Amino acid sequence: MVKDENERDGRYNPAAIEPKWQARWDADPALYAAEGHDSGKPKYYCLEMLPYPSGQLHMGHVRNYSIGDALARHMWMRGYNVLHPMGWDAFGLPAENAALKNNTPPREWTLKNIAAMKTQMRRMGLSYDWANEVTTCLPDYYRWNQWFFLKMFEKGLAYRKKSKVNWCPDCQTVLANEQVINGRCWRHEETIVELRDLTQWFLKITKYADELVEGLDKLEGWPEKVRTMQRNWIGRSEGALVDFAVDGASAVTAGPSTSPSTHSVRSGSVQDDTCKAITVFTTRVDTIFGATSVQLAPEHAVAKAFAAEDAELAAKVEALLEEQKKARESDALGAIEKHGVNTGRFAVNPFNGVKVPIWVGNYILADYGTGAIMSVPAHDERDFEFATKYGLEIKRVIAPKDGGEPELPFTAEEDAVLINSGEWDGLGCVDAQQKLSSLAKEQGFGEPTVTYRLKDWGVSRQRYWGTPIPMVYCQNGHAGVEAGGVVALPESALPVLLPEQIEITQEGGSPLGKVADFLNTTCPVCGGPAKRETDTMDTFVDSSWYFYRYTDAKDSTVPFASEKANYWFPIDQYIGGVEHAILHLIYSRFWTKVMRDLGLIKNDEPAERLFTQGMVIKDGAKMSKSKGNVVSPDLMIEKYGADATRMYALFAAPPDRDLEWQEEGVAGISRFLGRVHRLATKYAELVREGQSPQLASRTQTDQKLLRKLHQTIAKVTQDFGGRWHFNTSIAAIMTLINEIVATEAAMDAGEVSPAAVAEIFRNLVLLLAPFAPFFAAEMWEQMGGEGVVFRAAWPVADEDLARENEIEIPVQVNGKLVNVVKVAAGSNDDAVKAAASSDEKVKARIEGKTVVKVIVVPNKLVNLVVK
RNA sequence: GCCCGGAUGGUGAAAUCGGCAGACACAGCGGACUUAAAAUCCGCAGACCUUAACCGGUCGUGGGGGUUCAAGUCCCCCUCCGGGCACCA
């Protein structure tokens, strides 16, 4: 066998080391296998977000997995029973696009990509427990999506309704609100999302809106940023509903209503007759005496009813609606020029009986609150602007507690009181909000309420490559189900398999509708002809609960055994990109609560701690094909090895910050590993020798090196425990190596005992193990370490050995550094003071001046204040 | 407009609790080794002033103010960059 040049001269050669260990690890599936709940060890669930199998890992993945892998390995070494799984978020549109392009079936394309990426992950040396691998596009997984769907349908959490939905013309499918970013598709930055009226399946995430908001306060292990984003997204606002009676209501006949949200959401109220009253939602009911108009959304049922009787008004309302629609589609809703039209009708303020005009405004949204507001120009900026434009009355009803007439609009509610509000004058605004809404409830014309920005999750997708929705439409109907009505399949009919032979097209409508064998079925209740639902589920359904499946991935009788999930959950540490702050991370919290209420699990939240890593950028921009700044992980690994690539990803920046990829930096890490390799190899024999009984006495050099070692252990251990600033951990290890290099001559001269050499190198390798696993395994073996390095106990810093016996104290005069003096560690203040003031440089500096004060910060600094 | 981050040498960054600003690297420069180069090893390295050189000095963490014996760090105001939300009643 011909050895390559590097190997021959004993140099660090990752190309030889890494495949050797990879082969050994691949042959030993037990190496990273999670143990059972009876392991006797504390559990630790370490999870990285599962990738979409595009076929190629990118640097973002490398960074994500390097962080997670270091943590998992560290926790193993700390004696935990670690679950560290991986899987594939394998449904989704790219597979269909690839099918169109290359004429490859989506399943084949996806599985091929998974195989390729798995190879890359193994090449990286990632410590995954492949026995629990999850692939979401396979029936043994997606059947449980269907199972959950049926459970939710049973509980009324899955329902069908016609509504305005987001439609991406490029994807040819509906999108959830969360998948629309700045009015554009999350997959197509250039594509403006259209609004369409479609009947779709929804999951009732709004039922958990309150709990989803409240839970955020308890998620202390989550980044504040993510919590804030979710809070904003859910958009909880407390306020009141108030009914304004429509003046002369009997004259108007109610028109057909199309949008359920324009009804009053209160029970026992006005649903019976649309046009008797208008229910407004307000967060400032305290200002209601200042209401000078009621404003309706163009789609509001009352607006429609008025329009039905008045062709001129109808045209104007239609124009307003058009403007709103346009603005919404071009994402200019926030900048829409406010227009309104007076309907000529009046509504009665129930608090004071005052009649106010009813307007229709293009800025009023039908799908927020009740689609109707009371306009209080004096105390709301938007209302003020509108009233000024159209010459509506402006009535001041709030004033500062301390008096005065501030410029309008005056919107404060703290330290402000009611005026011109009848018997309520003088009451604080915040109190008034409570009292007025309670009164409204007593009197039956309103109530306190809470409104959310969050909408139910639309999960229907008109695409092929996703989980079939397990519903059929009974063609003839039967008792309780009209012809064409929805019938849920029984559990025994699961899984509803995706047909394999299929022609994928981009022409609207689900491709499944064209597969007769799939489409035509029988009704599970009456046995008559039935058509299957041809939409598939949003892929975010798949990722909402995949991490539970990891605890019991092979079970074919349940989604997972509760006992197993209850042992492993909550996830101790979840690691991924911040781009999922709203989408995946809110859906999976919702799913967890549903599963809890189904009695499957006990935890309220999926993950105890969440870490969002920064992006990997190159030349100042996010890596992307179009910018041509993509760095291939494969190429880096080929050139420098997996260890150096991974270590660089951790060294170049703290993990939560963006990381600028510089190849020279990877080369630097490689050089560093080369130095360690040279030393460890050189002293391997001494290490093996030194592992026998320790010498009683230590040389001075021993002490110096051991001090540095234990300081390093303390530093690295601390970083794992708290901040995860692995860049500083690795820097500390480099400093230790520099110290060893500087002591090399002394070591060669026999001034360092074998016991000390053994302790230093043994621990050095342990410290490197989470960051450079191939390298650590190789060195461990070379030095005669026992067993697997990743199961060796994590080193413990010895405080006594780490302590300095002499420390350098900077001496300042009036806060300016003058010199540094050496004192024995633990010297008392007086001794330090004496040392400082007897220093020549310090003396020169204070010559002829009076020392007013001496500040001694123990072990830190001395500052002489002079005049 | 509102809410989160962030700004430190040529570059990535460090300074974790108010106590030596720039650890550790990258790039650069000088040297050793070499016929030469690569690799490796040793050394220099914030800016400016002063000096033949040493020595010495001043300034310096986006800008301005403040608190303090002492501020990258705390407080107030402002600028710029990144992200999120946005007529949400």
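Letters go in sequence order (proteins before strands), and every chain restarts at 1. All values reported here derive from a predicted model rather than from experimental measurement.
Spacing between atom CD of A/E664 and atom P of B/G10 amounts to 18 Å, rounded to whole angstrom units. The CG-P distance, from A/N727 to B/A23, rounds to 14 Å in whole Å. One interatomic measurement links the two molecules: CZ of A/F672 to P of B/C41, which rounds to 12 Å at whole-angstrom precision. The distance from atom CZ of A/F726 to atom C1' of B/A23 is 19 Å, rounded to the nearest whole Å.
A/Q812 comes within contact range of at least one nucleobase, with a heavy-atom separation under 4.0 Å. If you check every strand for non-hydrogen atoms under 4.0 Å, A/P223 touches nothing. Using a 4.0 Å heavy-atom cutoff across all strands shown, A/V865 reaches sugar-phosphate atoms only and no base atom. Nucleic acid contact class of A/S237 (heavy atoms, under 4.0 Å, all strands): sugar-phosphate only. Among the atoms of the strands shown, none is found under 4.0 Å from any heavy atom of A/E224.
The aromatic rings of A/F775 and A/H677 sit tilted relative to each other, their planes meeting at an angle between 30° and 60°.
Phosphate proximity of B/G83 to A/R657: absent, as no side-chain N or O sits under 4.0 Å from OP1 or OP2. Residue A/R675 places at least one side-chain N or O closer than 4.0 Å to OP1 or OP2 of B/C41. Residue A/R671 places at least one side-chain N or O closer than 4.0 Å to OP1 or OP2 of B/A27. Side-chain nitrogen and oxygen atoms of A/K618 include none within less than 4.0 Å of the OP1 or OP2 phosphate oxygen of B/U11. The side chain of A/N738 places no N or O atom within less than 4.0 Å of a non-bridging phosphate oxygen (OP1 or OP2) of B/A23. OP1 or OP2 of B/A70 has not a single side-chain nitrogen or oxygen of A/N814 nearer than 4.0 Å. Using a 4.0 Å cut-off, no side-chain N or O of A/R227 falls inside it from OP1 or OP2 of B/G84. Contact annotation: A/K841 reaches the phosphate of B/G56 (side-chain N/O to OP1 or OP2, under 4.0 Å).
Between A/V820 and A/I582, the residue anchored nearer the 5' end of RNA chain B, judged by the nucleotide with its closest heavy atom, is A/V820. Between A/T282 and A/R723, the residue anchored closer to the 5' end of RNA chain B is A/R723, taking for each the nucleotide with the nearest heavy atom.
With hydrogens and angles ignored, the 3.5 Å screen pairs a side-chain donor or acceptor of A/N362 with a backbone N or O of A/E337. Put simply, the side chain of A/H339 never gets that close to the backbone of A/L320: no donor and acceptor are under 3.5 Å apart.
Side-chain contact check for A/T411 and A/D380: no donor-acceptor pair (N or O, by modelled atom type) lies under 3.5 Å. With 3.5 Å as the limit, one finds no donor-acceptor pair spanning the side chains of A/Q230 and A/T228.
Listed nucleotides: B/A89, B/U16, B/C69. Nearest to the side chain of A/K853: B/C69. Considering only side-chain atoms of A/N232, the nucleotide from B/G19, B/G84, B/C88 that sits closest is B/G84. When each of B/G19, B/A89, B/C3 is scored by its nearest atom to the side-chain atoms of A/I373, the top-ranked nucleotide is B/A89. Among the nucleotides B/A23, B/A39, B/U16, the one closest to any side-chain atom of A/R11 is B/A39. Closest to the side chain of A/L817, from the set B/U16, B/C20, B/C24, is B/C20. Considering only the side chain of A/N863, B/G19 comes nearest among B/A39, B/A89, B/G19. Across B/A14, B/U16, B/C24, the shortest atom-to-atom separation from the side chain of A/A731 is found for B/C24. Considering only side-chain atoms of A/D719, the nucleotide from B/U16, B/A89, B/G19 that sits closest is B/U16.
Checked against the 6.0 Å centroid criterion, the rings of A/F611 and A/W222 do not qualify as a close aromatic pair.
Anti is the classification of B/G43, since its glycosidic angle lies more than 90° from 0.
With both ends at atom C1', the span from B/G12 to B/G6 equals 15 Å, rounded to whole Å.
With a cut-off of 3.5 Å on both pairing distances, the Watson-Crick or G-U wobble partner of B/C2 is B/G84.
Between A/N814 and A/V865 the shortest heavy-atom distance is OD1-CA, 3.3 Å.
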